[in-house]
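Keep in mind that this is a model prediction, so the values were computed, not measured. Counting starts at 1 for both ligands and their atoms, following the listed order.
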Amino acid sequence: MIIVLFGKPGAGKGTQAPLLAEALGVKTLATGDVLRAAVREGTARGREAKGYMERGDLVPDEVILAIVKEALEGPDYREGAILDGVVRTVPQAEGLSAALQELSRGVDAVLCFDIDNEEIIRRLAGRTVCEKCQTPYSDAEPGSTCRRPECGGKLARRKDDEPEAIRRRLEVYEAQTAPVFDWYQQHGTRVLRIDAVGGVDEVTRRAREALGR
Ligand code: AMP
């Protein structure tokens with residue numbers, strides 16, 4: 001089962017992805033997390049992605065498709081995947097579709113998180129993220145410790161959660177990512193919409209209800 005989580009930055013995809021993955025018995029593939037790890041490790045891919053990410057721009061499609069293909073061909077995602085933060089452009093939708101076809105698989109559903117820009121700006125301005133496991137928090141100070149007992153990483157603000165980068169990410173979403181929604185509808189993929197405003201458990205419940213799982 002392959003589910004694409006779709007929506008603006010800050011819509012809650014990163015919070016819901018591991019919860020849905022656990023409920024469905026599959027793993028999460030978050031391209032933003034893969035890229036941030038590559039930046040931290042200073043790999044060639046990380047060095048290429050860093051500037052785009054800090055500005056709030058999209059990393060080139062070839063880089064993203066290489067990450068996704070590598071992951072989906074490997075053993076971790078045989079049972080399925082929750083894709084968080086990919087697909088973000090129409091060429092990525094086309095590339096993912098072609099890659100999955102080669103593996104005799106396909107996208108089962110696109111789950112769209114509906115939320116308005118005011119709520120996004122409020123959320124991202126108050127967000128911290130664990131530098132180690134990437135868990136996002138809405139109620140924790142930078143410098144405090146991740147609450148996942150097995151982690152213990154430090155929480156920090158993301159560079160791309162600064163106001164200028166948030167504005168840029170929302171512009172990029174409208175210009176490049178929003179058309180992906182229509183692309184999936186035109187290609188007959190099941191597209192589901194949920195209200196993404198509410199408590200974490202409430203949004204998980206809506207997501208599972210929409211997916212029928
Ligand atoms: P995220 O953690 O999903 O908000 O992603 C953080 C940043 O990583 C984005 O603002 C982009 O610069 C980059 N990124 C992550 N996923 C993608 C993608 N599918 N396409 C292009 N850029 C991406």
Between [X] and [Y] (salt bridge meaning N to carboxylate O under 4.0 Å), is one present in this structure?
X: Asp108; Y: Arg190; answer: no
X: Glu202; Y: Arg206; answer: yes
X: Arg122; Y: Glu119; answer: yes
X: Glu171; Y: Arg167; answer: no
X: Lys69; Y: Glu73; answer: no

Exercise for the section: Could you tell me whether Val87 and ligand 1 have an N or O pair separated by under 3.5 Å? Expected result: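 No; the residue has no nitrogen or oxygen that sits under 3.5 Å from a nitrogen or oxygen of the ligand.
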Exercise for the section: Measure the distances from the heavy atoms of Arg36 to every atom of ligand 1 and state whether one is below 4.0 angstrom. Expected result: yes
Practice task
Give the atoms of ligand 1, by number and element, whose distance to some non-hydrogen atom of Gly85 is under 4.0 Å.
Solution key: 16 (N), 17 (C), 18 (C), 19 (N)
Practice task
Find all atoms of ligand 1 within a distance of less than 4.0 Å from any non-hydrogen atom belonging to Val86, and give their numbers and elements.
Solution key: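 The list of qualifying atoms is 19 (N).
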Heavy-atom nearest neighbour in the protein, as seen from [atom], with distance rounded to 0.1 Å:
atom: atom 14 (N) of ligand 1; result: Leu35 CD1, 3.6 Å
atom: atom 16 (N) of ligand 1; result: Thr31 OG1, 2.8 Å
atom: atom 23 (C) of ligand 1; result: Ile64 CD1, 3.7 Å
atom: atom 7 (C) of ligand 1; result: Met53 CE, 4.0 Å
atom: atom 4 (O) of ligand 1; result: Arg158 NH2, 3.0 Å

Handout entry: Expected output: side-chain Arg157 to main-chain Arg127 donor-acceptor under 3.5 Å
Key = yes
Exercise for the section: From the options Asp57, Leu58, Val59, select the one whose nearest heavy atom is closest to atom 12 (O) of ligand 1. Expected result: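 When every heavy atom of Asp57, Leu58, Val59 is considered, Asp57 comes closest to atom 12 (O) of ligand 1.
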Handout entry: The one among Arg169, Arg88, Gln92, Lys13 that brings a heavy atom closest to atom 1 (P) of ligand 1
Key = Arg88
Practice task
Drop me the distance from Leu58's CG to Arg169's CZ, to the nearest 0.5 angstrom.
Solution key: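 It is 10.5 Å, given to the nearest 0.5 Å.
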Handout entry: Close side-chain approach of Thr128 and Glu141, heavy atoms under 4.5 Å
Key =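 They are not in side-chain contact.
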